[in-house]
Visitor: 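Have a look at this one before I ask anything.
In each ligand, atom 1 is the first atom listed, and ligand 1 is the first ligand listed.
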Amino acid sequence: MKEVKASITGIEGYVPDYVLTNAELETLVDTNDEWIVSRTGIKERRILKEPGLGSSHMGAEAVKGLLAKTGIKPEEIDLLICATITPDFIFPSTANLICNMTGIRSVGSFDVNAACSGFIYALEVGSQYIETGKYKKVVIVGTDKMSAVMDYTDRRTCILFGDGAGAVLLEPNTEGNGVIDSLIRADGEGYAQLIQKGGGSRFPASHETVDNRMHFLHQDGQQVFKSAVRNMADVSAEIMERNHLSHEDVAWLVPHQANRRIIEATANRMGIGMDKVMMNIQYYGNTTAATIPLCLWDYEDQLKKGDNLIFAAFGAGFTWASAYVKWAY
Ligand code: UT7
């Protein structure tokens, strides 16, 4: 019997219409376009402005688009996994809400919280169900409304993040294409360096948590930068080595989009030229769990069946992860 791999057979993205430019940020905090572009590569990001809409809205839009594009009916889906750190509610899960909004009923759905590595974590989990034969159609969503946890008086963080979502369909493949290998890593030692402290069980919402700005994302940028460069490069090199891939074998590096300099350092370590690196950070900033599917969405036209792709990510936790994917269509 031929080995079953979980292949990506469809991809769709969704970003809100509102464009938050560097020029507009200059009116909010003491920053400038030159600093933001040279230090991060970001020119603009999208913001979900409409009141009452959360990450589930963007995730559901991506899933609706995915179903329409692939011609799959909601009732054919066996499982939906949503990677997010900005759930609509602490509970129920955003995955449950997306199912309700897209007509995917009576199947398992749950959230994965692995911050910027969330999409690769969810991909690894979803792939197992396909490889074992338990499920035939699994949807993986990455969605984050980062503007909900941004302090637009903090120039060190508010210039970095944006809102967006992406979704992929996983189906069995016996031609040798799909998720060939993946690895997920975590180490809670750096937990305080990238965190939203308030609103959970340790510091439930109170006047004090609001006054102390604990419901916003806090980041120790330099420490996170150092760990991100090291771990994203390490994890990418490791997955290439254990799959005997040289830089010539890799068609595309699909890196998490946190900072152009981190992406360049990762590509450099892998010996991959920037012409083989997917990058859209200039348009969307860091959309956390959505960066990798949004890259695949933007570059879909350039992908060919059998292309070797390396996904790599690093984020809060710390978490980091990589995947070796052979493109299936
Ligand atoms: O996706 C999750 C993982 N997250 C990441 O991977 C993010 C990792 N970190 C980074 O990308 C970078 O550390 C940042 C982009 C956040 C910051 O870049 P940096 O080169 O590490 O800058 P820095 O924090 O060392 O700050 C350099 C200077 C400081 O001024 P002084 O102290 O040298 O006078 C900052 O106050 O730049 C100043 N600065 C700014 N200036 C203008 C910080 N933010 C800004 C700003 N505009 N927005």
Visitor: Can you confirm whether Asp211 is buried at CG, in the sense that more than 12 heavy atoms of other residues, nucleotides or ligands lie under 6.0 Å from that atom?
Guide: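 Counting other residues, nucleotides and ligands, CG of Asp211 exceeds 12 neighbours.
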
Visitor: Mark yes or no: Lys49 above the aromatic ring of Tyr18, with NZ or CZ under 6.0 Å from the six-membered ring centre and no more than 45 degrees from the axis.
Guide: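 Ring-cation test returns yes.
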
Visitor: Which protein residues come within less than 4.0 angstrom of ligand 1, counting heavy atoms only?
Guide: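 Under the 4.0 Å cut-off, ligand 1 touches Asp30, Thr31, Trp35, Arg39, Thr40, Cys116, Arg155, Arg156, Ile159, Leu160, Leu194, Gln219, Gly221, Gln222, Val224, Phe225, Ala228, His256, Ala258, Asn259, Arg261, Ile262, Asn286, Phe314.
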
Visitor: Which other residues belong to the hydrophobic cluster containing Ile195, where Ile, Leu, Val, Met, Phe, Trp and Tyr are joined when side-chain heavy atoms lie under 4.5 Å apart, directly or via other members?
Guide: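 Hydrophobic cluster check, Ile195: joined to Tyr191.
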
Visitor: Phe110: what forms a ring pair (Phe, Tyr, Trp, His ring centres under 6.0 Å) with it, not counting sequence neighbours?
Guide: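 Once residues adjacent in sequence are excluded, Phe110 has no partner under the ring pair (Phe, Tyr, Trp, His ring centres under 6.0 Å) criterion.
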
Visitor: What residues, two or more places apart in sequence or in another chain, satisfy ring pair (Phe, Tyr, Trp, His ring centres under 6.0 Å) together with Phe89?
Guide: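 Residues passing ring pair (Phe, Tyr, Trp, His ring centres under 6.0 Å) with Phe89: none at all.
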
Visitor: Is the Tyr329 to Trp327 ring centre distance short of 6.0 Å?
Guide: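 Yes, ring centres under 6.0 Å apart.
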
